[in-house]
Amino acid sequence: MPFDFNYKTLDDIKRDCDALGITLPFSDDLSPLAKPFEVKGENIKFKNAVAIHPMEGFDSEPDGAPSELTRRRYLRFANSDAGLYWFEAVAISNESRSNVRQLWIHEGNVEAYKKLVDELHTITGGAPIICQLTHSGRFSRPENKPAPIISYHNPVLNKPFNISADHPVVTDEYLDSLVEQYITAARLAKEAGFDGVDIKACHRYLMSELLSAFTREGRYGGSYENRTRLYRDVIAGVKAEHGNSLTVATRLGVHDGIGYPYGFGDDREDCTKFDPTEAIQLIDDIHKLGVNLINITMGTPYYNPHVNRPYCKGGYEAPEHPLVGIARIINGAALLQKQFPDITFIGTGYTFLRQFAPYLAAGAVGSGMISSAGFGRMAFAYDGFANDLLAGEMKPNKCCVTCGKCTELMRAYTTTGCPVRDSEMYAPIYKAACLNK
C-alpha cells in the first residue's frame, strides 16, 4: 500500500526515525534559514538559505521561448521570497528536448528570455537566477515521439523505454560537437540576463548517463577520466569564455541507485547505498575548474523516483520508507558539504515533510550539513511558500502532498504543474491527459 502521511507533530516523525534507525537534523530554530550569505568565488548573493529547484513545466512556445504560462509559473515562484531561483531545464538544441514544449534557447528567442529574467530580477530585488542547460539524451522526444540519443546500452533503462539492442550509440565525434553547443547556449543565457548557468548532470539525461558509461568504448567510456570528459570539457569551455562574469554551476546526481556497471555513485554490492568515492573526485575536479555552486540530487524520476523525491503515492509501491530516502539524500549531501566547505551546496529531500519541512531544513543549514535548502514540488504547489517557511507558518492545506500527479503530467508529455493546489489551472489538464485516456 502507498505510504499514508499521518504525522500530526514533529515528534511523530522523530519516533519513526528512531524506529527506522536513521538520524535527521531537526531544529526548532529557523533563524539559520533567514541569514544571507555569499557564494565564495562568485558574484552570487543569497538573501536567505532557501532555494527553488529547477521544475520543468513543458509550457514553452513552439520555438522554445517562455510562454505566458511559463511566466505565470515564475511569477508564482517569485512570490516566494527565496534566496535563489534555479531556472528549469533549457535544451541546448531542438533534438535534445525531452518534450515538444520543453524550453530551448537559441538566437531567435533570446530576447523573450531576457524579458522574463529582467521581470523576475525586478520582482525579487535582484535574487540570482541560474539557467539549467540540458541535453535529454535517452529521454529526447522533441516531436513528442521517442528519439533517444544514448551514450551506451543500459539494460536497466533500455527495457522500460523500449530501446532495442541495435539502437545506435552516439559517436565520440557527436559528443565532441556538444562542447560548442553548450558554450553557445551559455553565451545566450548570459545575454538573456541569467546570473549563471547549470551544466546539468543528473537524473540520467545525457551528461549524467556518461558519468556511468563503464561499458562504453572510446574516449568517453570506461575509465573515470573518459566518463567525465565531456562534463569537464564543457565546464572548462564555458569558464574559458566567461571567466568570473558568469557563474558556472551544476545540478549533479551523485548516486543513481541503479547498480554497477550502469549507475554512478552506487555501492557495488548494494545499489541502494551511496558510494561517494567518485563523486568526491569529480567535485574536486570541477571545483578546480571554477565550479563553486552545486545542487545535489540522487536517483532518476524515470526509473526510481522514490530515491530522488520520496512520496506518499506514486507509480509503484516504494521499496523503502520515505524517511529512509530522505536520510540518504540529506546525509549524503552533508558528507559532500563537509568534504568541500568552500562550495555552496544546495540540498533536497525536504518537501515530503510538508509543514514540518522547515525544521529539517533549518537543522541541516544550521548545523553546517548544507548551505541552502532547495524545494521543487513544494514550489509547484505552494504559492509564496518561502515566506511562510521562513516565518514558521507553513499551512498544511497549501503544502505539496507528494501524490505524484505533477509527475504523471510529465509522463503524459503535457504541461506540468500541481493539479491539487493549483487546481484551476492544472486540474483540467490532468483530467484530460491522465484520467481520460
Side-chain angles (χ1 to χ4, degrees), residues 39-42 54 86 130 132-135 137 151-152 154 175 178-179 182 186 196-216 218-240 247-268 271 273-300 307-308 328-329 331-348 370-371 374:
V39 178
K40 293 182 180 179
E42 306 288 347
W86 206 290
I130 304 296
Q132 183 175 79
L133 301 179
T134 191
H135 186 302
S151 62
Y152 70 94
N154 180 336
L175 296 175
L178 295 182
V179 176
Y182 273 97
V197 292
D198 160 18
I199 308 304
K200 183 179 184 179
C202 64
H203 301 164
R204 301 303 301 211
Y205 296 101
L206 183 63
M207 195 71 80
S208 168
E209 179 168 274
L210 279 169
L211 298 182
S212 66
F214 294 96
T215 61
R216 180 186 171 94
R219 293 185 302 106
Y220 290 99
S223 69
Y224 165 85
E225 181 181 8
N226 286 352
R227 288 181 284 113
T228 63
R229 185 185 305 278
L230 181 63
Y231 187 44
R232 292 181 289 105
D233 285 353
V234 168
I235 290 171
V238 176
K239 288 298 292 185
T247 292
V248 178
T250 187
R251 192 168 201 212
L252 178 60
V254 295
H255 166 62
D256 290 330
I258 291 175
Y260 180 81
Y262 306 113
F264 180 74
D266 294 353
D267 182 276
R268 295 197 179 191
C271 72
K273 295 180 179 178
F274 170 38
D275 179 352
T277 307
E278 286 199 338
I280 289 172
Q281 184 177 357
L282 183 55
I283 291 170
D284 186 52
D285 286 343
I286 64 175
H287 187 35
K288 289 174 180 174
L289 291 174
V291 174
N292 300 301
L293 177 61
I294 300 178
N295 191 322
I296 293 293
T297 183
M298 295 182 176
T300 169
V307 173
N308 78 300
R328 182 190 299 114
I329 297 170
N331 294 318
L335 182 154
L336 300 172
Q337 180 71 82
K338 182 178 180 181
Q339 185 78 22
F340 300 98
D342 289 340
I343 296 178
T344 295
F345 285 98
I346 297 175
T348 191
I370 204 72
S371 305

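As the structure is a computational prediction, the values presented were derived from the model and not from experiment.
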Assess whether side-chain contact (heavy atoms from CB on, under 4.5 Å) is satisfied between Ile130 and Asn295, documenting all intermediate values.
-> CA-CA 11 Å; Ile130 304 296; Asn295 191 322; over 6 Å; no

Would you sort out whether Leu336 and Ile294 count as a side-chain contact (heavy atoms from CB on, under 4.5 Å), showing the intermediate values?
-> CA-CA 10 Å; Leu336 300 172; Ile294 300 178; over 6 Å; no

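At least one side-chain heavy atom of Leu175 sits less than 4.5 Å from a side-chain heavy atom of Leu206. Inter-residue side-chain proximity for Arg227 and Arg216 is flagged as unmet; no heavy-atom pair is nearer than 4.5 Å. The shortest distance between side-chain heavy atoms of Leu211 and Leu282 falls below 4.5 Å. Using a 4.5 Å heavy-atom threshold, the side chains of Leu293 and Ile346 count as touching. In this structure, the side chains of Val291 and Ile199 stay at 4.5 Å or more apart for every pair of heavy atoms. You'll find the side chain of Ile296 reaches within 4.5 Å of the side chain of Val254, heavy atoms only. Under the 4.5 Å side-chain criterion, counting only non-hydrogen atoms from C-beta, Lys40 is not in contact with Asn292.
Closest approach of Leu335 to Pro276, counting heavy atoms only: CD2-CB, 3.9 Å. Heavy-atom minimum distance, Leu210 versus Ser151: CD2-CB, 3.5 Å. Here the closest heavy-atom approach between residue Val179 and residue Leu230 is recorded as CG2-CD1, 3.7 Å. Nearest approach of Glu278 to Phe264, heavy atoms of both residues: OE1-CE1, 3.4 Å. In plain terms, the two heavy atoms of Leu133 and Ala186 that are nearest each other are CD1-N, 3.7 Å. Considering all non-hydrogen atoms of both residues, Ser208 and Ala201 come closest at CB-C, 3.6 Å.
At a threshold of 4.0 Å, the pair Asp198-Arg251 does not count as salt-bridged, since none of the basic side-chain nitrogens sits closer than that to a carboxylate oxygen.
Between the CD1 atom in Ile235 and the CG atom in Leu289 there is a gap of 6.5 Å [rounded to 0.5 Å]. Summarising the geometry, atom CE belonging to Met207 is positioned 11.5 Å from atom NZ belonging to Lys200; distances are rounded to the nearest 0.5 Å. Put simply, NZ on Lys239 and OG1 on Thr247 are 7.0 Å apart, with the number rounded to the nearest 0.5 Å. Separating the CD1 atom in Ile283 from the CD1 atom in Ile343 is a distance of 6.0 Å, to the nearest 0.5 Å. To the nearest 0.5 Å, atoms NE2 (His135) and CD (Glu209) are separated by 10.5 Å. Expressed to the nearest 0.5 Å, how far OH of Tyr220 lies from OH of Tyr231 amounts to 15.5 Å.
Gln337 places a side-chain N or O within donor-acceptor distance of the main-chain N or O of Ser371, the cut-off being under 3.5 Å. Side chain of Asp275 to backbone of Asp267: no donor-acceptor contact under 3.5 angstrom is found. Using a distance-only test at 3.5 Å, with no hydrogens or angles considered, a donor-acceptor pair links the side chain of His255 to the main chain of Gly265. Arg229 contributes a side-chain N or O that, together with a main-chain N or O of Arg219, makes up a donor-acceptor pair within less than 3.5 Å.
Applying the side chain to side chain donor-acceptor pair (under 3.5 Å) rule to Arg204 yields the partners Tyr152, Ser212, Asp256; only residues at least two apart in sequence or on another chain are considered.
Phe345 and Phe340 have tilted rings, their planes meeting at an angle from 30° to 60° on a 0 to 90° scale.
Here the options are Thr134, Thr300, Thr297, the test is side-chain hydrogen bond (donor to acceptor under 3.5 Å, both in side chains), and the partner is His203; only Thr297 passes.
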